[in-house]
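Just follow the structure's listing: the first ligand is 1, and inside any ligand the first atom is 1. The model shown is predicted, which means the values in this text are computed figures rather than measured ones.
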Amino acid sequence: MAKPVIFHIDVNSAFLSWEAHHRLHDLGETLDIRTIPAIIGGDKEARHGIVLAKSTLAKQCGVITGEPIVKALQKCPNLYIAKPNHTLYLERSRAFMELLRRYAPVVEQFSIDEAFCDMTGTEGLYGDLVAFAHKIKDDVREELGFTVNVGISVNRLLAKTASDFKKPDLVHTLFPEELPDKFWPLPVGDLLYVGHSTAERLRALGIRTIGDLAHTDKEILVSHFKKQGIFLHEAANGIDTALVSDEPSASKSYGNSTTLPADVVNGAEAERILLALCEKVGARIRKDRAYISMVSVTIKDTDLKSRSRQGQLAAPDNTTEQIYSAARKLFYELWDGSPIRLLGVSTGHVTDDACFQYDLFDTGKREKLSKLNAAVDEIRTKFGTSALKRACFLEDDTQKKDNDV
Ligand SMILES: [Mg+2]
């Protein structure tokens with residue numbers, strides 16, 4: 001079997017460099033906002049204006065992604081602020097993914113400006129894959145006018161970590177034999193799945209670096225972090241079993257996320273939001289008479305660090321209850337108690353026929369659920385989404401901003 005080779009390709013300061021390129025090439029402006037202290041910041045009403053992306057000079061002033069614009073202006077009074085332009089980002093993102101699909105047999109879009117490419121077995125076609133990563137990186141710069149970092153390893157976790165090393169416009173490897181030099185010395189908070197509060201708890205146990213975590217007895221971690229302890233121990237040892245999967249085409253994936261107007265800090269509140277997301281996603285799947293067998297949950301915390309976890313259903317399904325039960329489980333595997341700014345549920349591995357593995361006890365329950373879901377959808381189609389609400393939403397008046405994926 002060929003040794004796995006995974007690329008993680010990440011656009012450097014995506015929103016800012018896309019905006020800069022647009023202004024220079026489409027609008028004919030002469031000022032490159034990448035060369036001054038500048039940020040992309042926006043949505044004053046909903047999020048009180050936060051920094052979404054920053055230029056190198058803004059970074060040097062101490063401006064941090066995710067902080068309020070007001071605070072950034074205190075650090076850097078002559079900061080240039082450009083409004084976000086989501087139409088432009090989507091268009092640039094599409095062009096970027098198209099270029100990657102030209103070369104990689106499997107491309108999984110991970111966010112608007114990053115993707116995993118499974119390059120396993122392509123050496124025969126492209127030769128040395130580290131050299132080939134340089135070619136992809138240079139092609140993006142020449143053709144599309146922005147720079148990327150490429151991280152290369154044997155799995156997603158390590159590839160993504162590597163692409164976050166020194167920026168911009170660079171290729172980095174993080175192969176298993178490089179862990180002691182390049183991975184273990186990093187602060188434990190740099191580990192992909194470690195949020196603020198986990199990092200603090202780890203430090204309280206004297207675990208300061210990823211290497212400390214890798215060499216901590218698994219039992220000790222389990223006693224403090226339960227199931228998440230095993231997961232953390234594996235991650236610190238560079239183990240990640242999630243595979244890169246083909247991105248389903250737009251109509252073949254169903255997802256919904258919500259940016260929360262106030263950070264969510266308790267599990268019950270998060271569960272209600274997850275259920276609301278699953279209801280919306282489920283309704284869209286059923287409307288297409290489709291079934292899904294993969295569910296993925298994304299959490300973004302207040303420093304905009306995004307974490308996702310995906311899982312398989314036992315069989316293709318489209319009921320809100322099954323999607324929610326999988327999403328809830330994934331959520332608790334992922335959540336470390338940090339305040340949550342964004343929650344997302346997406347689904348994939350879409351099929352149009354349900355090859356249910358009926359078992360004697362399950363059949364009746366599943367049919368009941370399907371009928372119930374169909375009835376709810378019909379009422380909502382006729383009378384609007386708010387016509388039927390689950391009891392747990394009745395007290396919930398939070399205004400949320402929805403972003404359909
Ligand atoms: Mg990026």
Between Thr147 and Asp169, do the side chains contain an N or O donor and an N or O acceptor separated by less than 3.5 Å? no
Pull up every protein N/O/S atom sitting under 2.8 Å from the Mg ion (ligand 1), skipping waters. Asp10 OD1, Val11 O, Asp113 OD2
Under the rule for salt bridge (charged side-chain N to carboxylate O under 4.0 Å, His left out), what residues qualify as partners of Lys75, not counting sequence neighbours? Glu67
Please tell me whether Thr320 and Arg286 have a donor and an acceptor in their side chains that are separated by less than 3.5 angstrom. yes
Short side-chain to backbone donor-acceptor contact, Asn237 and His233, under 3.5 Å: yes
Salt bridge (charged side-chain N to carboxylate O under 4.0 Å, His left out) pairs, two or more places apart, involving residues 208-224: none
Donor-acceptor pairs are to be reported for all side-chain atoms of residues 120-130 against protein atoms at under 3.5 Å, with residues two or more places apart or in another chain.
residue	atom	partner	partner atom	Å
Thr120	OG1	Val5	N	3.1
Thr120	OG1	Asp118	OD1	2.5
Thr122	OG1	Met119	O	2.6
Tyr126	OH	Tyr103	O	2.5
Asp128	OD2	Ala131	N	3.0

